[in-house]
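Structure first, then comments.
Each chain gets a letter, A, B and so on, in the order its sequence line appears, and its residues count up from 1.
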Amino acid sequence: MDALQIANSLPMWIACGVAVVLVIAQALIFVKKAIDAAPQVGVTKEQVNKAIKSSALTSIGPSIVVLSGMLSLLVTVGGPMGWMRLSFIGSVMFESIAAGIGTGSVGVQLGVDELTPLALTMAVWTMILGSVGWIIFSTFAADKMDKIQAKLAGSNPAGLTIISSGAIIGVFAAMCGQKLVMVDKTALATVLGGVCMFAMMTLTKNEKFAKLREWNLTIAMLVAVVLTAII
Amino acid sequence: MNENFYNLEYLPKMHRIGKVIGVLAVVASFMPALCLGLVYGLWPDWAALGTAALTAVSSFGVLWFVEPLSYYPVVGPMGTYMAFVSGNISNMRIPCASMAQVAAEVEPGTEKGSIVATIGMGVSIVINTLVLSFGVIAGQAILSALPAAVNTALSNYLLPALFGALIVQFGLKAKGHTLVMLAVGCFMYIAVGKSPLGINLFGWLSGASNYLPTLVCVFVSIGIMMVTSKKKAKA
């Protein structure tokens, strides 16, 4: 069998499927527990439904971007690995670089030379060893970071909200900065995304358009993409 | 309503579940490698793997620690368990958790905020996995069915537009602060050599462009917020 036949074989689908099932199971368990806990902390059923709807809408756009990244991985390391790695731990950038380092170590250039079974094995192992630290550290540090953050916030009950709000703006400012400094069409898309969002938020402040509010982000994003492509 | 429920019942239980799943996830991640070895007799060239793993760890190893620390204040403890098992954090998990909080009108960093963010993040994981599973079956057919122009537009412009829209959504409440942070963000990415200017002040720090700007932005932003809120409280 050649490397891609092995990479796309049934045993590989099953082995990779274990991780995908685990990710979905975790998500379902956490959502179930959070919904059960909601009334206890004063979150209403209506708020839960709004959260679900909004998150579902927000995920669609980025999912398509990840999907197109996955398709490039399909060609190089096969369907099962591409499917698993982008549902699990990874990001498009990390996976293709790690796979390239793995195959490169036995002299096969990913996407250029023909993939050998050994190169495939090296890619798979490198992707795993390069990423397993994320899960280990985050799993064992999650409750400790909780305590550090509580200390940082001190006795101020608004402290945690201030920390989180500051962090959210910090994260998105970094993401925008990364695109803006390119001074190309991606920078333009960032600016237009912001402008369209501002327009949508201003428009939907009017009660007549209140129903559109949950579509603000989706509409702003799509209009910005179309405008960027046309300009 | 039960005041102690969140801290005394919910959190400890979720921490236990999160840790068990984290350990299972480590085991599950090795399954494809074991499958290649046990089913096909394909084991790596261990010496070459040592070099490859070392190269991968030296480019990404810092991220193992820096990303959980940077994103923790945004996603909280439950979000941390979920986000690092499922990946795609900045491009999907954080936007979904934050937008869920906006839709439900709850504050981040509160008990309500944490519950809502967990729901939002979980839903995004299910949808993402469904889209990918559908995509892997339909495969190349989908993308080749789209005209090339649509394809480029989606894969290059969708995320920047999303980030631009998000900064407006969350920044309008603190305009001055957001503008300062955008300047910091741009400055950091220029400093790590990501701009066409070609300046790189951090060439000596391996892989700095992958994590340094986000780390600096998150903690500078938290710092400024805390200082200004203390000043406001005093005034």
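- The parts of Gln178(A) that come within reach of chain B are both its backbone and its side chain, each placing non-hydrogen atoms under 4.5 angstrom from that chain.
- When heavy atoms are compared at a cutoff of 4.5 Å, Val66(A) approaches chain B by way of both its backbone and its side chain.
- Summarising the geometry of Gly130(A) relative to Trp64(B), their closest heavy-atom pair is O-NE1, 2.9 Å, with the distance given to 0.1 Å.
- Interface remark: of the candidates Val23(B), Ile119(B), Val27(B), Ile125(B), Ile119(B) forms the most heavy-atom pairs closer than 4.5 Å to chain A.
- Of the two parts of Ala19(A), the backbone and the side chain both hold a non-hydrogen atom closer than 4.5 Å to a non-hydrogen atom of chain B.
- When only modelled atom types and interatomic distance are considered, Ser133(B) and Trp83(A) share a side-chain donor-acceptor pair under 3.5 Å.
- Only the side chain of Met201(A) comes within contact range of chain B, with heavy atoms under 4.5 Å apart.
- Neither the backbone nor the side chain of Ile148(A) comes within less than 4.5 Å of any heavy atom in chain B.
- Contact annotation for Val191(A): neither backbone nor side-chain heavy atoms come within less than 4.5 Å of a heavy atom of chain B.
- At a 4.5 Å heavy-atom cutoff, the contact between Leu180(A) and chain B is made by side-chain atoms alone.
- Heavy atoms of Ile97(A) lying under 4.5 Å from chain B belong exclusively to its side chain.
- In this structure, no portion of Met127(A) lies under 4.5 Å from any heavy atom of chain B.
- The minimum heavy-atom distance between Trp43(B) and Leu118(A), with the atom names listed, is O-CD1, 3.9 Å.
- The minimum heavy-atom distance between Ala229(A) and Ala153(B), with the atom names listed, is CB-CB, 4.1 Å.
- Looking at Leu160(A) and Thr110(B), their side chains never come closer than 4.5 Å, going by heavy atoms from C-beta outward.
- For Gln169(B), the parts sitting under 4.5 Å from any heavy atom of chain A are the backbone and the side chain alike.
- Counting heavy-atom pairs under 4.5 Å between each of Lys179(A), Arg213(A), Met182(A), Met122(A) and chain B puts Met122(A) at the top.
- Both the backbone and the side chain of Ile52(A) come within contact range of chain B, judged by heavy atoms closer than 4.5 Å.
- For Tyr71(B), the part sitting under 4.5 Å from any heavy atom of chain A is the side chain, from C-beta outward, and nothing else.
- The two atoms that bring Ser86(B) and Val23(A) nearest to each other are CB-CG1, 4.1 Å, heavy atoms only.
- Looking only at atom types and distance, the side chain of Thr190(A) has no donor-acceptor partner in the side chain of Tyr157(B) under 3.5 Å away.
- With a 4.5 angstrom heavy-atom cutoff, Met81(A) touches chain B only via side-chain atoms.
- Between Trp134(A) and Leu63(B) the shortest heavy-atom distance is NE1-O, 3.3 Å.
- For Thr44(A), no part lies near chain B; criterion is any non-hydrogen pair under 4.5 Å.
- Residue with the most contacts toward chain A among Ala25(B), Ala28(B), Ser90(B): Ala25(B) (heavy-atom pairs, distance under 4.5 Å).
- The aromatic rings of Phe60(B) and Phe94(A) sit perpendicular to each other, their planes meeting at more than 60°, with 30° as the lower class boundary.
- With a threshold of 4.5 angstrom between heavy atoms, Phe137(A) approaches chain B through side-chain atoms but not through N, CA, C or O.
- The two residues Tyr189(B) and Ala174(A) have their closest heavy-atom pair at CE1-O, 3.1 Å.
- For chain A, the nearby parts of Met82(B) are the backbone and the side chain; heavy atoms of each come within less than 4.5 Å.
- For chain A, the nearby part of Lys13(B) is the side chain; its heavy atoms alone come within less than 4.5 Å.
- No donor-acceptor pair under 3.5 Å is formed between the side chain of Ser138(A) and the backbone N or O of Tyr81(B).
- The choice from Ala161(B), Gly185(B), Ala149(B) that makes the most heavy-atom pairs within less than 4.5 Å of chain A is Ala161(B).
- The side-chain contact (heavy atoms from CB on, under 4.5 Å) check on Asp146(A) picks up Leu11(B), His15(B), Tyr72(B), Pro77(B), with sequence neighbours excluded.
- In terms of non-hydrogen atom pairs under 4.5 Å with chain A, the most contact-rich of Leu162(B), Thr178(B), Thr214(B), Ile190(B) is Leu162(B).
- Counting heavy-atom pairs closer than 4.5 Å to chain B, the top residue among Val21(A), Leu22(A), Val18(A) is Leu22(A).
- Heavy atoms of Met145(A) lying under 4.5 Å from chain B belong to its backbone as well as its side chain.
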